[in-house]
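For reference, the structure is listed below as structure tokens.
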Amino acid sequence: MKISTGKLILILLIVLFEGFFVTSVKAGGYSSEKKSGKAGGDSSEQTSEKAAGDASEQTSEKAADGYASKKSSVKVPYDYSANIECVKEPEKPLYGGGIITAASAGGKKLAAPIKGSVLKVDLKKDHHYALSAWLKLSKGTGDITAIIVPPDGKFITAGAIVAQSDCWTLLKGGATSFSEGKGDVFFETNSTAEIMAESIALQGFSFEEWNAHREEVVAKERKKKVKITVESGGKPLPDAELSVEWVAKGFPLGNAMTKEILDMPDYEEWFTKRFKWATMENAMKWYSTEFNEGHEEYEVADKMLALAEKHNISVRGHNVFWDDESHQMDWVSKLGKDKLKEAVARRLKSVVTHYAGKVIHWDVVNENLHFKFFEEKLGKDASGEIFKEVAKLDPKPILFMNEYNTIEQPCDLAPLPTKYIAKLKQIQAYPGNKGLKYGIGLESHFDKPNIPYMRGSLDTLAAAGVPVWLTEVDVTKGPKQVEFLEEVMREGFGHPGVKGIVMWAAWHAKGCYVMCLTDNKFKNLPVGDVVDKLLDEWRKVPEKPKTDAKGVFEAELFHGEYKVTVKHKSLKEPIVQTVDLDSTKSAATISC
């Protein structure tokens, strides 16, 4: 029997890659649907490449079941790495391309799959898909957006970046498939240039695998094995009964608070029982402290800070300036450049010196990717200058940009992770700003979260090498508000780059901004219940712990400061001692 070369290749592929999912690609291209045109080769080359793509598509369909059956019980590690530099040559695809292979065969720089000429993929039900690709434009600079269309036909924005023509930029994002079948992947741009793509990868993870990644991070980053030794008279105290209770430190999980807390004991009790980190919703903002020019008022914010200090609550300074013109007082909006510069200097000196040494963070310029009030009035380096001056007056706090939709909405092109990092670098490069303590503030106001995009964006932002905080977490009201909030909180807690979470759920008698945790009698609503559940889980301690024959108790505990109560028949009364078992400490001794 005579076997054609194409069939022989197909047979060899099946033998060599049994079970390995090879998605429809050309040799060096992406889709058998690709139309002819000049994209890294002439028409004759594309014809032969198309045939290879057809063969690989057939192989992928035959191999898909084998891949699933062989790999379904094997957890694929998640790759949290991200290169935030624009590079001359793209790196290799993550996960070896995942369910997409040969995306860079031959090393050619080819046009990416676009709408009408998409990359076909086989997607599984209830899977999160991590998408990555190195992208550039044929000319100029512009935004490139990745789209994934799952089997249900909905178009999901999976990620977006700013791309250039002289170097390659990494996009990380993804989407979730709730059904099984064929899906599409393609890219769009707001530029007239051609999109070029290399090292495209799409890796699927079952929901169980995705959650397992979180648990791995929690075990490594949020917990550790600790050793508590109990002694009496300098000798080990065996069989002592212990009570271990988290009281402070560890992973920061906080909430916003309002001035109503000053006059409502029930509010104070409910809040302080749960949170050791807080942000004042409005009390520190310029319009709250100097609504009328020259008349400064810090009484409310001072009282709120005193209440926080009484309960050992750390406070974020929010904010020095807000770049949104709609939130400026009339008198500020009407100032000319010179007068505005003077007013900015007075405000900065006033608020920062007033609270110097009393806050752990400053949101220095709020939302300066969406808005540019101060940049337009004072020049493009206004943010950099403000950061420098804040650091001079209060050098200890971490200084944050604070922005919304960076991890919530990839279709909002203003605050994309790549644009956030570019702005941060601009501020860092401003003369005098080297060595300042920087932080990335992500407001995290979610509607329906795209969890794979959230993780991919956090990967990118974490690569900047500064602490990442989710600073104003909430989820809009709806039938899945509780479920979505829990997913967002778990994704943040389970990401190695995230160093703290503050919710934007401050209580108001007339209704909260978006999300209330309690009713007006401070009884938990369902969203409050899920927050309590997470707090209990992330501060959990072993039940009925006892020391062993050597007077030692060992366990895996979350980082934190713990109150330990020791009971023993030889002791007249219980001994209570606080031990610090935060991230840098793993042992403590209690002397009775």
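Heavy atoms only: backbone and side chains are in, while hydrogens, waters and symmetry mates are out.
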Applying side-chain contact (heavy atoms from CB on, under 4.5 Å), run through E296 and H354 and close with a yes or a no.
CA-CA 11 Å; E296 293 185 334; H354 192 86; over 6 Å; no
Output, in order, the C-alpha distance, side-chain angles, deciding distance and verdict of side-chain contact (heavy atoms from CB on, under 4.5 Å) for I161 and L416.
CA-CA 7 Å; I161 60 165; L416 297 177; 5.6 Å; no
Is there a ring pair (Phe, Tyr, Trp, His ring centres under 6.0 Å) between W538 and F493 once you walk through the steps?
CA-CA 9 Å; W538 296 340; F493 188 72; 3.8 Å; yes
Decide yes or no on ring pair (Phe, Tyr, Trp, His ring centres under 6.0 Å) for Y355 and Y298, but give the supporting numbers first.
CA-CA 10 Å; Y355 294 111; Y298 287 105; 5.8 Å; yes
The test is side-chain contact (heavy atoms from CB on, under 4.5 Å); show your working for F446 and L485 and say whether it passes.
CA-CA 8 Å; F446 286 90; L485 176 63; over 6 Å; no
Report the C-alpha distance between K448 and F484 in whole Å, list the side-chain angles of each, state the deciding distance to 0.1 Å, and finish with yes or no for side-chain contact (heavy atoms from CB on, under 4.5 Å).
CA-CA 7 Å; K448 180 180 180 180; F484 289 163; 3.8 Å; yes
Could you go through the ring pair (Phe, Tyr, Trp, His ring centres under 6.0 Å) check for W507 and Y267 one step at a time?
CA-CA 8 Å; W507 180 84; Y267 183 8; 5.6 Å; yes
Would you sort out whether E561 and K276 count as a salt bridge (charged side-chain N to carboxylate O under 4.0 Å, His left out), showing the intermediate values?
CA-CA 12 Å; E561 192 172 87; K276 293 298 180 183; over 6 Å; no
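The ring pair (Phe, Tyr, Trp, His ring centres under 6.0 Å) search around H508 returns none, not counting sequence neighbours. For C167, the disulfide (SG to SG under 2.5 Å) partners two or more places apart in sequence, or in a different chain, are C86.
Between K540 and E537 there is no salt bridge, since no side-chain nitrogen of the basic residue lies less than 4.0 Å from a carboxylate oxygen of the acidic one. Taking 4.0 Å as the cut-off between side-chain N and carboxylate O, E487 and R214 count as a salt-bridged pair. The residues R274 and D532 are annotated as salt-bridged, a charged nitrogen and a carboxylate oxygen being separated by less than 4.0 angstrom. With respect to K220 and E216, no salt bridge is recorded, no charged nitrogen being found less than 4.0 Å from a carboxylate O. In this structure, K273 does not pair ionically with E269, as no charged nitrogen and carboxylate oxygen lie closer than 4.0 Å. By the 4.0 Å N-to-carboxylate-O rule, K425 lies close enough to E85 to be salt-bridged with it.
Screening V162, L369, N190 against L413 for a side chain to side chain contact (heavy atoms under 4.5 Å, CB included) leaves a single residue, N190. Of the options L436, N368, I386, L399, a side chain to side chain contact (heavy atoms under 4.5 Å, CB included) to I427 is made by N368 and by none of the others. Here the options are F291, Y287, W286, the test is ring pair (Phe, Tyr, Trp, His ring centres under 6.0 Å), and the partner is W331; only W286 passes. When each of K533, Q481, K480 is checked for a side-chain hydrogen bond (donor to acceptor under 3.5 Å, both in side chains) with E486, only K533 meets the rule.
Residues D459 and H495 bring a donor and an acceptor atom of their side chains to less than 3.5 Å of each other. For the residue pair E491 / W210, a side-chain donor-acceptor distance below 3.5 Å is found, with atom types taken as modelled. Residues N319 and N402 bring no donor and acceptor atom of their side chains to less than 3.5 Å of each other. Side-chain atoms of R455 and H213 form a donor-acceptor pair, as typed in the model, at a separation below 3.5 Å. A donor-acceptor pair shorter than 3.5 Å can be found between the side chains of H370 and E403. Using a 3.5 Å distance cut-off with no hydrogens or angles, the side chains of Y430 and E385 do pair a donor with an acceptor. Between E375 and S383, the side chains place a donor N or O and an acceptor N or O closer than 3.5 Å (distance only, hydrogens not considered). Donor-acceptor pairing under 3.5 Å is recorded for the side chains of D474 and H445.
In this structure, the side chains of T518 and F271 stay at 4.5 Å or more apart for every pair of heavy atoms. Using a 4.5 Å cut-off on side-chain heavy atoms (C-beta onward), M329 and E293 make no contact. In this structure, I501 and W277 have side chains that are not in contact, with every pair of non-hydrogen atoms separated by 4.5 Å or more. Contact of the C411 side chain with the T145 side chain is not registered, since no non-hydrogen atoms from C-beta on lie closer than 4.5 Å. Using a 4.5 Å cut-off on side-chain heavy atoms (C-beta onward), I590 and L242 make no contact. Contact check for V527 versus M503: no side-chain heavy atoms found under the 4.5 Å cut-off. Looking at heavy atoms from C-beta onward, T406 lies out of side-chain contact with I440 at the 4.5 angstrom threshold. Within the 4.5 Å cutoff, side-chain heavy atoms of F387 are placed close to those of V365.
Taking CD1 of I407 as the reference point, atom OG1 of T460 lies at 11.5 Å (rounded to 0.5 Å). Distance check, rounded to the nearest 0.5 Å: CD of Q428 to OH of Y438 gives 5.5 Å. Atom OG1 of T258 and atom CE of M264 lie 9.0 Å apart (nearest 0.5 Å). Here the NZ-OG distance, from K377 to S333, works out to 7.0 Å after rounding to the nearest 0.5 Å.
Proximity of a side-chain donor or acceptor of N366 to a complementary backbone N or O of F321 within less than 3.5 Å is not detected. Remark: the backbone N or O of T584 is not paired with any side-chain donor or acceptor of D582 at under 3.5 angstrom. With hydrogens and angles disregarded, no donor-acceptor distance shorter than 3.5 Å links the side chain of E367 to the backbone of D323. Side-chain atoms of Y80 do not come within 3.5 Å of backbone N or O of L458 as any donor-acceptor pair. Of the possible donor and acceptor atoms, one in the side chain of K437 sits under 3.5 Å from a partner among the backbone N and O of K396. Remark: side-chain polar atoms of K172 are paired, donor with acceptor, to backbone N or O of S81 under 3.5 angstrom. Between the side chain of N450 and the backbone N or O of T176, no donor-acceptor pair lies under 3.5 Å. Side chain of Y420 to main chain of M401: a donor-acceptor pair is present (N/O by atom type, distance under 3.5 Å, no hydrogens or angles). Of the possible polar contacts, none joining the S326 side chain to the D324 backbone as a donor-acceptor pair under 3.5 Å is found. Looking only at distances, no side-chain donor or acceptor of N83 sits under 3.5 Å from a matching main-chain atom of L170.
Counted within 6.0 Å of NZ on K341, heavy atoms from surrounding residues, nucleotides or ligands total 12 or fewer; the atom is thus considered open. Few gaps surround NZ on K419; more than 12 heavy atoms of other groups in view lie less than 6.0 Å from it. Heavy-atom contacts from other residues, nucleotides or ligands closer than 6.0 Å to NZ of K423 number more than 12.
The aromatic rings of H361 and W469 lie perpendicular to each other, with more than 60° between the two planes, well past the 30° mark.
Residues G492 and R222 approach most closely at O-NH2, 3.8 Å, considering heavy atoms.
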